[in-house]
There are 2 protein chains.
Amino acid sequence: MNIQFKKGVLEICVLSVLARKDCYGYELVGEISKRIDISEGTIYPLLHRLKDVGYVTTYLQESAGGPSRKYYRLTEAGRKEEHEQKEEWMRFAASVNALLEGKNDAAD
Amino acid sequence: MNIQFKKGVLEICVLSVLARKDCYGYELVGEISKRIDISEGTIYPLLHRLKDVGYVTTYLQESAGGPSRKYYRLTEAGRKEEHEQKEEWMRFAASVNALLEGKNDAAD
DNA sequence: AGTAAGTACCTTGCATAGCAAGATACTGTG
DNA sequence: CACAGTATCTTGCTATGCAAGGTACTTACT
């Protein structure tokens, strides 16, 4: 898988999963990896960025068989951002597809 | 437009346009910018990379109203790469869309 | 002649995000 | 007690895109 393709996209993936349910980092790796490989060295810095800009808040919760988990929850700003980034991704992907298919009319 | 989304994608865009016709750098900026913003500071290094790895060859051609143009032509390796990267992009985009739509079954 | 705009090529330095590799620490199993 | 699985984190590296700048040719206007 072309690593470069993932740049920026993993962020909207994380936001999108969190829009459906609160998750902890390790869980997110598993969820997203069903579709797209993502490593722990990517997810944790990403989650910290999202917290820094106020798209998520965190809370700790103990786990049965392991260390306690840090759950991430979307804020209202995060929910709005999720919506906007999703739309932007859709527009972008449509533009790329049009280019790859050789459609020359910008109205497509 | 999220700059990060373009990482890696502009390369397949360039290969795809060149698969249809030979182009010079300045022309490629115009062609691709119909759909996706791309700057000259991106295209020239990219074209040089493509030449270094043998996906394109170049030839000079004089121009009526300006300096001579350096045209880029896909090699066989470049054509094969165009095909493979296009398929990879399609798979990737489908994975992202599935994730954003919350489809949980990896069979989708 | 001089100057500006459009064409066409190029480079340098910066910002960003993903990853491999490693560190830390908790729990349950052999 | 060691090991595997869970769970968090950091450091150093890599790749790509961009802004900003430079060079040089041609045409049009003053």
Side-chain angles (χ1 to χ4, degrees), chain A residues 1-15 22-33 35-53 55-56 58-72 85 88-89 92 95-96 99, chain B residues 1-15 22-33 35-53 55-56 58-72 85 88-89 92 95-96 99:
Chain A
M1 165 109 64
N2 187 336
I3 291 176
Q4 300 301 321
F5 285 169
K6 303 181 196 173
K7 298 281 172 90
V9 176
L10 295 179
E11 177 170 321
I12 171 63
C13 289
V14 166
L15 289 173
D22 295 3
C23 284
Y24 54 100
Y26 196 75
E27 185 185 13
L28 276 166
V29 173
E31 285 291 318
I32 294 175
S33 289
R35 302 285 189 178
I36 302 165
D37 278 341
I38 185 174
S39 78
E40 295 175 28
T42 301
I43 203 89
Y44 290 111
L46 202 173
L47 288 168
H48 295 161
R49 285 199 300 273
L50 294 178
K51 190 177 184 187
D52 285 344
V53 295
Y55 294 158
V56 297
T58 59
Y59 57 94
L60 282 173
Q61 206 162 86
E62 279 176 42
S63 153
S68 57
R69 300 162 170 170
K70 190 188 277 184
Y71 279 84
Y72 290 82
Q85 282 200 28
E88 197 177 348
W89 160 259
F92 176 76
S95 295
V96 174
L99 242 169
Chain B
M1 166 108 63
N2 188 336
I3 291 176
Q4 301 300 322
F5 285 169
K6 303 181 195 172
K7 297 283 173 88
V9 176
L10 295 178
E11 177 170 319
I12 172 61
C13 289
V14 165
L15 290 173
D22 294 3
C23 284
Y24 54 99
Y26 197 75
E27 185 184 12
L28 276 166
V29 172
E31 285 291 318
I32 294 175
S33 289
R35 302 285 190 178
I36 302 165
D37 279 340
I38 184 174
S39 78
E40 294 177 31
T42 302
I43 204 88
Y44 291 111
L46 201 173
L47 287 168
H48 296 160
R49 284 200 300 273
L50 293 179
K51 191 177 183 185
D52 286 343
V53 294
Y55 295 157
V56 297
T58 59
Y59 56 94
L60 282 173
Q61 207 163 85
E62 280 177 40
S63 153
S68 57
R69 298 162 170 171
K70 190 187 280 185
Y71 278 84
Y72 290 81
Q85 281 201 28
E88 198 177 348
W89 160 259
F92 176 76
S95 296
V96 174
L99 241 170

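Just so we're on the same page: letters track the sequence lines, and every chain starts at 1.
Applying a 4.0 Å cut-off to non-hydrogen atoms, the residues of residues 44-52 of chain A that approach DNA chain D are Tyr44(A), Pro45(A), His48(A), listed by residue number.
Between Leu28(B) and Leu47(B), some side-chain heavy-atom pair lies under the 4.5 Å cut-off.
Using a 4.0 Å heavy-atom cutoff across all strands shown, Asp37(A) reaches sugar-phosphate atoms only and no base atom. Backbone-only contact: Lys6(A) has heavy atoms under 4.0 Å from sugar-phosphate atoms and none from a base.
Looking at residues two or more places apart in sequence or on another chain, you find a ring pair (Phe, Tyr, Trp, His ring centres under 6.0 Å) between Phe5(A) and Trp89(B), Phe92(B). For the side chain to side chain donor-acceptor pair (under 3.5 Å) test, no residue two or more places apart in sequence or in another chain qualifies with Ser95(A). With sequence neighbours left out, the side chain to side chain contact (heavy atoms under 4.5 Å, CB included) criterion links Tyr24(B) to Tyr26(B), Glu27(B), Arg69(B), Tyr71(B). Asp37(B) pairs by the salt bridge (Lys or Arg N to Asp or Glu O under 4.0 Å) definition with nothing, not counting sequence neighbours. Residues forming a side chain to side chain contact (heavy atoms under 4.5 Å, CB included) with Ser33(A) (at least two apart in sequence, or on another chain): Val29(A), Ile38(A). Residues that satisfy the side chain to side chain contact (heavy atoms under 4.5 Å, CB included) test with Thr58(A), not counting sequence neighbours, are Lys51(A), Lys70(A), Tyr72(A). Residues that satisfy the salt bridge (Lys or Arg N to Asp or Glu O under 4.0 Å) test with Glu11(A), not counting sequence neighbours, are absent from this structure.
With rounding to whole Å, Tyr72(A) atom OH is found 11 Å from dA7(D) atom C1'. Atom CD1 of Ile36(A) and atom P of dA17(C) are 16 Å apart (whole Å). The CD1-C1' distance, from Ile38(A) to dA17(C), rounds to 11 Å in whole Å. Rounded to whole Å, the distance from CZ on Phe92(B) to C1' on dG18(C) is 12 Å. The nearest whole Å value for the distance from the CZ atom in Phe5(B) to the C1' atom in dA17(C) is 12 Å. Rounded to an integer number of Å, the gap from Leu60(A) CG to dC26(C) P is 14 Å. For the pair Gln61(B) CD and dT7(C) P, the interatomic distance rounds to 18 Å; values are reported in whole Å. Between the NZ atom of Lys7(A) and the C1' atom of dC13(D) there is a distance of 11 Å, given to the nearest Å.
Considering only side-chain N and O atoms, Tyr26(A) lies nowhere under 4.0 angstrom from the phosphate OP1 or OP2 of dT8(D). For Tyr24(B) and dA8(C), the shortest distance from a side-chain N or O to OP1 or OP2 is below 4.0 Å. Remark: Thr42(A) is in phosphate contact with dC19(C), judged by side-chain N or O atoms under 4.0 Å from OP1 or OP2.
You'll find that the side chain of Lys70(A) is closest to dC9(D), out of dT16(D), dA17(C), dC9(D). Minimum atom distance to the side chain of Ile3(A) is reached by dG18(C), of the listed dC18(D), dG18(C), dT16(D). When distances are taken from the side chain of Glu11(B) to each of dC9(D), dT16(D), dG18(C), the shortest belongs to dT16(D).
Taking both residues in full, the closest heavy atoms of Glu62(A) and Ser68(A) are given as CA-CB, 3.9 Å, listed atom of the first, atom of the second, then distance. The two residues Ile36(B) and Cys13(B) have their closest heavy-atom pair at CD1-SG, 4.1 Å.
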In B/S/- notation (B base, S sugar-phosphate only, - none; protein heavy atoms under 4.0 Å), nucleotides 20-30 of chain D written 5' to 3' is -----BS----
